[in-house]
Amino acid sequence: MAEPNNKELPEVIVLGIPWFLKFYGQQFSQNFKLLKPWESSLPLEQFITTHAQSVKAMLCSGGTRVNPSFLSQFPSLRVIVTTSAGLNHMDLSECRRLGISVANAGTIFSEDVADCAVGLLIDVLRKITAADGFVRNGLWPMNVVYPLSSKVGGRKVGLVGLGSIGLKVAKRLEAFGCIISYQSRKKKPVPYPFYPDVHQLATKCDVLVICCALTDQTRHLINKEVLLALGKEGIIINIARGPIINEMELVQCLMQGEIAGAGLDVFENEPNVPEELLSLDNVVLSPHVAYLTEESFQDLYELMSGNLEAFFFNKPLLSPVLDD
């Protein structure tokens, strides 16, 4: 995009403080006039009221709840660009009804999130974080017996969801010699066994990796019954969204030894993590950072900027959210 003076820059209201702006905010501001409420002395509601009548483009984070009452404040809005891949924070039906186009992060984060899923599984099985604590706490010189860990290869891994992230997790774990199967809404043209029911999948596996989107149908999809089906040697990994697992029932199963461990990057009420999990050596915790890499944020900056440029130049969006 050319570099006109600041008064000519197209306006974009920014809500939710997208993380990538902390690193690429200056570059972004060269092409767009960013209306950032956190830099204004006005209260948020007053700030929105001041700009809502005229602003046509919005950049928002995954924490911004885009629902009908929210959208009713922006009569001129024509495009929303969200920095998240997941869309559970957005009412897409209402956006379509109002003629508002939506673009998201697409598959930008898929490689990194898949890496993190595999990393969490290896950590839980091989007790890497627990071993780190063993050394740091001075137990090694005391000849304390360190517990045996478990092999990664040969594990029967069930993927709940086989989209972009799920496929990349499968590819990585195949290289370890894991046996892959999956559950999803539809059977995919892949060589892995398909189970339409997640409970049935759990009975066939000793690891579940949650890779699906959060919807009304997947909320608390992983409950006590599924965890019990996974069994006492079972491991669960979640790099999707926290509420897909019934967290209270997961905590109970871990505390009672009904499953062997968990690797969790997401939680049901972030940033709050159940206190019971903090003392368990068989649980590896991560603060929803599976997607946070320098490379992904560079790609995200280019994609977000490209989507907004496309909108203002009346061109097709680079990563449009299309009807399923």
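Just so it is clear, the structure is predicted and the values come from calculations on it, not from any experiment. Count residues from 1 along the sequence.
Distance check: L227 CG to N246 CG gives 8.5 Å after rounding to the nearest 0.5 Å. Atoms CZ and CG, on R172 and L167 in that order, are 11.0 Å from each other to the nearest 0.5 Å. To the nearest 0.5 angstrom, L120 atom CG is 8.5 Å from I239 atom CD1. A distance of 7.0 Å separates CG of N67 from CG of D91, quoted to the nearest 0.5 Å. How far CD1 of I100 is from CZ of R78: 7.0 Å, rounded to the nearest 0.5 Å. Distance check, rounded to the nearest 0.5 Å: SG of C116 to OH of Y291 gives 11.5 Å.
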Could you go through L292 and W19, starting from their C-alpha distance and side-chain angles, then the distance that decides it, and tell me whether this counts as side-chain contact (heavy atoms from CB on, under 4.5 Å)?
CA-CA 9 Å; L292 292 183; W19 270 41; 3.0 Å; yes

Determine, step by step, whether I48 and F74 satisfy the side-chain contact (heavy atoms from CB on, under 4.5 Å) criterion, reporting the C-alpha distance in whole Å, the side-chain angles of both residues, the deciding distance to 0.1 Å, and the verdict.
CA-CA 9 Å; I48 290 176; F74 301 93; 3.6 Å; yes

Yes or no on side-chain contact (heavy atoms from CB on, under 4.5 Å) for H220 and I245, after CA distance, side-chain angles and deciding distance?
CA-CA 5 Å; H220 285 187; I245 299 178; over 6 Å; no

Would you please test I13 and L34 for side-chain contact (heavy atoms from CB on, under 4.5 Å) and show each step?
CA-CA 6 Å; I13 191 167; L34 301 180; over 6 Å; no

Run F20 and F28 through ring pair (Phe, Tyr, Trp, His ring centres under 6.0 Å) and show every step you take.
CA-CA 10 Å; F20 84 97; F28 220 80; 5.5 Å; yes

Please step through side chain to side chain donor-acceptor pair (under 3.5 Å) for the pair E294 and Q298, ending with a clear verdict.
CA-CA 6 Å; E294 293 181 11; Q298 170 70 35; over 6 Å; no

Might you work through the side chain to side chain donor-acceptor pair (under 3.5 Å) test for S72 and S69, ending with a clear yes or no?
CA-CA 5 Å; S72 67; S69 61; 5.9 Å; no

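Contact check for P18 versus L59: side-chain heavy atoms found under the 4.5 Å cut-off. A heavy-atom distance below 4.5 Å is found between the side chains of L173 and L121. Here the side chains of I259 and L250 are in contact, with some heavy-atom distance below 4.5 Å. Here the side chains of M248 and V251 are not in contact, with every heavy-atom distance at 4.5 Å or above. For the pair S181/K156, no side-chain contact is recorded, criterion being any heavy-atom separation below 4.5 Å from C-beta on. In this structure, the side chains of V66 and L15 stay at 4.5 Å or more apart for every pair of heavy atoms. When side chains are defined from C-beta on, I80 does not count as touching S101, because their heavy atoms never get closer than 4.5 Å. Proximity of L35 to V12: side-chain heavy atoms (C-beta onward) are nowhere separated by under 4.5 Å.
Evaluation of the side chain to side chain donor-acceptor pair (under 3.5 Å) rule for Y195 yields no partner, not counting sequence neighbours. For E11, the salt bridge (Lys or Arg N to Asp or Glu O under 4.0 Å) partners two or more places apart in sequence, or in a different chain, are K33. By the side chain to side chain donor-acceptor pair (under 3.5 Å) test, D265 pairs with S286, sequence neighbours left out. Remark: D281 engages no residue in a salt bridge (Lys or Arg N to Asp or Glu O under 4.0 Å) (not counting sequence neighbours).
Atom CD of E45 sits in a sparse spot, with 12 or fewer heavy atoms from other residues, nucleotides or ligands closer than 6.0 Å. Around CD of Q26, the count of heavy atoms belonging to other residues, nucleotides or ligands within 6.0 Å does not exceed 12. More than 12 heavy atoms of other residues, nucleotides or ligands lie within 6.0 Å of CD in E174, so this atom counts as buried by the packing criterion. Applying the 6.0 Å contact sphere to CZ of R126 captures no more than 12 heavy atoms from other residues, nucleotides or ligands. In the displayed structure, K204 atom NZ is contacted under 6.0 Å by at most 12 heavy atoms of other residues, nucleotides or ligands. By the 6.0 Å contact criterion, CD on E39 is enclosed, its count of non-hydrogen atoms from other residues, nucleotides or ligands being greater than 12.
When atom types are taken as modelled, the side chain of N223 and the backbone of V226 share a donor-acceptor pair closer than 3.5 angstrom. A donor-acceptor distance shorter than 3.5 angstrom exists from the side chain of E270 to the backbone of F267, with no hydrogens or angles considered. For T218 (side chain) and L221 (main-chain N/O), no donor-acceptor pair under 3.5 Å exists by modelled atom type. Looking at N307, its side chain does come within 3.5 Å of a backbone N or O of L318 through a donor-acceptor pair. A donor-acceptor pair is defined here as one N or O able to donate and one able to accept, closer than 3.5 Å; no such pair exists between the side chain of D299 and the backbone of I108. Using modelled atom types, no side-chain atom of S149 and backbone atom of K127 make a donor-acceptor pair closer than 3.5 Å. The backbone N or O of V198 lies less than 3.5 Å from no partner atom in the side chain of Q183, so there is not a single donor-acceptor pair. For the pair N238 (side chain) and R241 (backbone), a donor-acceptor distance under 3.5 Å is present. In this structure, the side chain of T50 engages the main chain of Q46 through a donor-acceptor pair within 3.5 Å. Within the 3.5 Å criterion, the main-chain N or O of S296 finds no donor-acceptor partner in the side chain of Y301.
For residues 48-73, no pair satisfies salt bridge (Lys or Arg N to Asp or Glu O under 4.0 Å), with sequence neighbours left out.
A310 and P316 make their closest contact through CB-O, 3.3 Å (heavy atoms, listed as atom of the first residue, atom of the second, distance). For D206 against L230, the heavy-atom pair with the smallest separation is C-CD1, 3.8 Å. Closest approach of S184 and L162 over heavy atoms only: CB-N, 4.3 Å. Here the shortest heavy-atom pairing between Q73 and A52 reads O-CB, 2.8 Å.
Hydrophobic clustering (ILVMFWY, side-chain heavy atoms < 4.5 Å, transitive): V157 and V124 are in one cluster.
Between E268 and R219, none of the side-chain N atoms (NZ, or NE/NH1/NH2) sits under 4.0 Å from a carboxylate O, so this pair counts as no salt bridge.
Relative orientation of the H51 and F47 rings is tilted, given thresholds of 30° and 60° on the angle between their planes. Between F297 and F23, the angle of the ring planes goes over 60°, which puts this pair in the perpendicular group of the 30/60° scheme. Using a 30° and 60° split on the angle between ring planes, F32 and F312 fall in the tilted class, from 30° to 60°.
T107 and S164 are not linked by any side-chain donor-acceptor pair at a separation below 3.5 angstrom, with hydrogens and angles left out of the test. A donor-acceptor contact closer than 3.5 angstrom links the side chains of T82 and H89.
The other members of the hydrophobic cluster of W140, by chain and number, are F134, V135, L139, M142, V144, Y146 (side-chain heavy atoms under 4.5 Å, ILVMFWY only).
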